[in-house]
Amino acid sequence: MLTLETLRLTQDDFTLSADWQVPTGGRVALIGPSGAGKSTLMAAIAGFLTPTSGRILWDGADITNVAPGKRPVAMLFQDGNLFPHLTLAQNVGLGIRPDLRLSAADKDRVQTALDRVGLEGMAARKPATLSGGQQSRAALARVLVQRRPLLLLDEPFASLGPALRVEMLDLVADLCRDTGATLILVSHTPDDARRIADSVVVVDQGATDAPVDTEAAFANPSAALSHYLG
Amino acid sequence: MAPRPVALNRGAMIRGWPGRSAALALAAFLLAPLIAILWRAGGFGSLSTADWPALRFTLLQAVLSALCSAALAVPVARALARRRFGLRGAYIALMGAPFILPVIVAVIGFIAVFGRAGLLNSGLALIGVAPVSIYGLHGVVLAHVFFNLPLSVRLILQGWQAIPAERFRLVALLGADSASAQRLLEWPMLRQVLPGVIAVVFAICLTSFAVALTLGGGPRATTIELAIYQAFRFDFDLGRAASLSLVQFALVTLAGLAALKFGTLGGPGAGFDRPVARWDLTGRGLRLADALWLGLAALFLLGPLAAVIARGLTGLTHLGAAVWQAAMVSLALALAATGLTLILALTIATARRGWVELVGMAPLAASPLVLGTGLFLLIHPLARPADWALVVTLTVNAAMALPFALRILTPVIAGIETDYGRLADQLNLQGWTRLRWLILPRARPALGFAAGLTAALSMGDLGVITLFADPERATLPLMVWRLMGAYQMQAAAGAALLLLILSFALFALFDLGGRRHADP
Amino acid sequence: MRHLAIATGLFIATSVAAETPVLQVYTYDSFNTEWGPGPAVEAAFEAECGCDLQFIAAGDGAALLSRLRLEGARGEADVVLGLDTSLIAQARDTGLFAPHQVQAEFDLPIAWEDPLFLPFDWGYFAFVGQVDGPAPTSFAALAASDAKIVIQDPRSSTPGLGLLMWVKLAYGDQAAEIWADLADNIVTVTPGWSEAYGLFLEGEADLVLSYTTSPAYHLIAEDDASKRALPFDEGHYMQVEVAAKLAATDQPELAERFLTFITSDTFQSVIPTTNWMYPAVVPSEGLPAGFETLIQPAKALLAPPDQAAALRDVALEEWRRALSR
């Protein structure tokens, strides 16, 4: 379970507060206008931004001061999720061991993960030779081998077409189901949220409320949500 | 609560203590000799009345040289940034050659073109124009531009290539012409980059001595470095030498601070050697202007080099075994110095802090004579200085090349951190692993360029070896010097050409090696 | 740091085994090169002394003295070879040197009596030019002519300092005027002899300040008779190069023996065609063929050490002022 305990984030003159929980295996969509602080909240959970006050806990353990790479977190950014100078196998392998000293079993895992996301036979390719969708798949393959219980998606599929985006979201949903991972994703479209998330958090004007069941949220939108949905 | 370990301070693990310790070690390496001299002298000496004109001239020539180098480098770098032509890579590489020539050799080559009996005046005589004299302040500045134009061009070119191609595309979409592109994209970049370029060239010219005196035409052209020389060997006034050396450090620090205030010392991160596609350059006039700038720069830089080559060719066959042995010593030293410099530069470049960058520039201000004498005072009570000749030469050469390596690497590494730092943090790439899998492969072209420059500089640097002279193992520059001192001008010219060839080969090998097969 | 470690390991010299006595002779750089006197002198002395003669080179004469001062009494040098007359007063005042016992009949144009410093060669400074070039016969004539000259900076070069003393001795209080008159003849002032001579050979100047013996190098080593030194009516300033024994030597007998060797035919016969100077004691076989073509100045000028030291700073300031205008 992820706990944001009276969390307060400050960036320049922008502040954001959060005080809620996500149950293990939960799938939460952060929804709200641009600049509302969705990415700021993600950065704090991932460890790139130190909270001004409050704590972040995972299964009761305080991770507020843990370095990003040591948190139980895997994260995909809007872009730059792959190192262009490394092959797909290496990029995925980094999710197992950062020093890339992979055992035969590790290499099998990399191969299996690549197969799982539909990139059979592309292990030796470099990212520049792949399409946008293939690059997203490769990044997902790495998430798969990272085996982190908490997955953060900061709009990694924003640049993909609608069909491809839906495909990726389904793939993410499958992965979460397979691994039992908890998911938090930033979303702009209610459709995406409906498709993958079981609850939504509306981020607006520096405040966040606790997650609300997705269907209920859209059926009875709060003032902030209806303002956002327009 | 314990202090927060990371928090947006990406790459904290490799940015922290190693870089700061390397910078501190470097500062100690530069200051300890000065302290040793002060201790021996019993304190600072007072400056003499003749030192004030020297200070004035030093500042004047260094400021003028820096401004002229930067001003001339802008059009050349712009032409290189926006034009593609067949030998562009070779052109960029060749442009580095004057920078890596030993001073005495370059001066002779320079005078062969611009001197009283040089090509220029011979040409002018043919068309009945009165000869122009190269000796005077203008000659000093011109020679310093000759040495420093290539470096300035390379640094400014980095700035141009760091402007993302999309921005030029955007400017093109807005229907802007080249003048607007300049105003919108190029001026802001230049305002960031030029202060650093000017500061570096200023610092290099500050310690000039042989070039300033020889081309300055007489005691008017006395620099602080010559005053230090005089204090050491003419007056044996160590205290005054130390004071003068401190003046040099102070001036370079001021220049560095000014550069930090008005721009950056590090400059922008660079995509290397990729001409940016441009849509605002259709005019025939622009094309002609670019070609003209490139042609003039080539003529200016390659003329004296051609003279060095022409003079050396016959001498090349007269080289004795001692010269070849010296060449081997110099090669080994250059490679070792390159390794040391790169290690230091990588550690310091990852610690991006103002004071660390200032320390990185400090070796430019170090008077070789003060450094050498101080090290001698430190080593002499403990060991035979001659036994340490090569170690000292190697270390000093490495330190002297460090400012250049840092200028090349710091912005590139900063760019890598900006682009991939979060991803690397997320994947827990820290320390050596981060270096191995992120920094080294992505910084390869910059590393190659830095290694090439360091190796070439170490080949050509006479450094401090004279006080430590090891009778058995002379370096190649020392050999050139000795040959010249023994009337053997032809053999000296040959040895100088050998030095030029080896320096340039090292430079080209590293530089091209870094750029070849580099990932986008 | 691996590179450094390797370099250190490779290059640290091993000291010579203790049985053979070692004589360390500090000298200037060009003395101990393959074309300098060093190798022949080393071989000849080692053949008779049963010792290991080690030359340690440090820049030029002035750098040599600076180094000895830096080392002080803790220095390893037994003998220094290559100080010159302009440095003798300073060198004497350091108290680092011990008297020698060597007796010799010196073939110098001047009388030599010095308890510490023993001459090993000498020469006259002179302007050197092409045989078919301008040939003024005095500083006054040179200043009046439009001949172009390259000279060395007295603050960084031995010949440069020699020229300074030359003009001062020849013209006394009028030295400053001579310098002012010479200003338009001076193409440039170089830090050292090599740059000046290099520029002269490049054709940058008609004349260069060097030695009367310079044409001998071109004649003997290159079979080129196109260079000549110009005799000046004022006389020519001399440079006498000397050797001395360090007071702190741990090999006083060996050092004395080497000083004696310096005046021997063996040593002296090496000097003319390696150091391109006159031997302090002309060897029994005389001077090498070619030396007879050199000019013989009518008058030799040399300021005694104390006078030289006293004149130096005044003359330098005159020079600096006259040429800074």
Side-chain angles (χ1 to χ4, degrees), chain B residues 40 50 53 104 107-108 111-112 115-117 135 209-210 213-220 222 226 229-230 232-234 236 320 322 332-333 335-337 339-340 343 373 376-377 380-381 384 386-391 394-395 466-467 469-473 481-482 484-489 492, chain C residues 1-4 6-8 10-13 15 29-30 32-36 54-59 62-63 65-67 69-71 74 76 90 148 153-156 183 186-195 197-199 201-205 214 217-218 221 276 317 319-320 323-324:
Chain B
R40 174 62 193 271
I104 187 171
V107 166
I108 298 271
I111 281 170
R116 285 182 68 238
Y135 301 98
F209 142 47
L213 183 65
T214 306
L215 287 158
R220 272 181 311 275
T222 298
L226 177 59
Y229 212 76
Q230 182 187 357
F232 263 118
R233 34 168 298 147
F234 197 85
F236 200 70
L333 274 179
L335 291 175
L340 185 55
I343 290 169
T373 307
F376 184 87
L377 283 173
H380 178 248
R384 277 187 44 165
D387 295 345
W388 287 84
L390 294 172
V391 177
L394 154 64
T395 319
T466 47
L467 255 185
D470 175 345
E472 308 303 323
R473 283 174 286 259
W481 187 251
R482 284 180 176 171
M484 282 192 81
Y487 290 100
Q488 317 231 359
M489 300 295 172
Chain C
M1 299 304 267
R2 214 172 108 243
H3 294 285
L4 185 61
I6 291 171
T8 314
L10 275 181
F11 295 138
I12 290 187
S15 11
D29 213 40
S30 62
N32 191 37
T33 56
E34 57 178 315
W35 47 84
Q54 292 181 355
F55 281 116
I56 291 154
L65 182 58
S66 292
R67 169 150 181 189
R69 287 172 132 175
L70 288 175
E71 293 188 2
R74 275 192 307 196
E76 292 191 324
Q90 291 165 269
K148 295 293 180 190
D153 195 312
R155 295 167 293 180
S156 55
I186 298 173
V187 172
T188 192
V189 180
T190 65
W193 179 89
S194 304
E195 294 95 339
Y197 211 80
L199 289 185
L201 291 180
E202 285 289 319
E204 277 300 285
S214 296
Y217 171 79
H218 297 285
W276 302 100
E317 191 52 25
W319 174 86
R320 200 181 63 79
L323 295 188
S324 290

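So you know, we letter chains A, B, ... as the sequences are listed, proteins then strands, and number each from 1. Atoms considered below: every heavy atom in the structure, side chains included; atoms not considered: hydrogens, waters and symmetry mates.
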Q) Taking C:S214, C:S30, C:G192 one by one, which has the highest count of heavy-atom pairs under 4.5 Å against chain B? A) C:S214
Q) What residue in B:G115, B:G320, B:P53 has the most heavy-atom pairs under 4.5 Å with chain C? A) B:G115
**Q.** Toward chain B, the part of C:E34 with a non-hydrogen atom under 4.5 Å
**A.** side chain
Q | C:Y217 portion near chain B, given a 4.5 angstrom heavy-atom threshold | A | side chain
Q. Which atom names give the shortest non-hydrogen contact between C:T188 and B:L215, and what distance separates them?
A. OG1-N, 4.3 Å
Q | Leading residue by heavy atom contact count with chain B [cutoff under 4.5 Å; candidates C:L65, C:L201, C:V187] | A | C:V187
(Q) Counting C-beta onward and ignoring hydrogens, is there a side-chain heavy-atom pair between C:Q90 and B:F234 closer than 4.5 Å? (A) no
**Q.** From B:H380 atom NE2 to C:E71 atom CD, the distance as rounded to the nearest 0.5 Å
**A.** 3.5 Å
Q | Which of B:M484, B:Q488, B:R233 touches chain C most, by non-hydrogen pairs under 4.5 Å | A | B:R233
Q.
Can a donor-acceptor pair be found, under 3.5 Å and without considering hydrogens, that links the side chain of B:Q230 to the backbone of C:S156?
A. no
Q. Which heavy-atom pair separates C:P191 from B:A210 by the least distance, and what is that distance?
A. CG-CA, 3.8 Å
(Q) Is a donor from one side chain sitting under 3.5 angstrom from an acceptor on the other, for B:T222 and C:R155? (A) yes
**Q.** Polar side-chain atom of B:R40 near backbone of C:L70 as donor-acceptor pair, under 3.5 Å
**A.** yes
Q) Is any side-chain heavy atom of B:V107 closer than 4.5 Å to a side-chain heavy atom of C:E195? A) no
Q: Name all residues meeting the ring-ring contact (aromatic ring centres under 6.0 Å, His included) criterion together with B:F236; count only those two or more places apart in sequence or in a different chain, and write none if there are none.
A: none
**Q.** Expected output: side-chain C:S66 to main-chain B:F232 donor-acceptor under 3.5 Å
**A.** yes
Q: Using modelled atom types only, decide if a donor and an acceptor are shared between the side chain of B:R220 and the backbone of C:L323 within a distance under 3.5 Å.
A: yes
Q: Check side-chain contact (heavy atoms from CB on, under 4.5 Å) between C:E76 and all other residues, then give those that pass, not counting sequence neighbours.
A: B:R384, C:Q24, C:Y26
Q: Check whether B:L213 gets within reach of chain C through its side chain, its backbone, both or neither, counting any heavy atom under 4.5 Å.
A: both
Q: Measure distances from B:A492 to the heavy atoms of chain C and classify the residue's part below 4.5 Å as side chain, backbone, both or neither.
A: neither
Q: Quick one: closest heavy-atom pair of B:A117 and C:G203, and the distance?
A: CB-O, 3.3 Å
**Q.** Aromatic ring pairing C:W193/B:Y487, orientation class (parallel under 30°, perpendicular over 60°, tilted between)
**A.** perpendicular
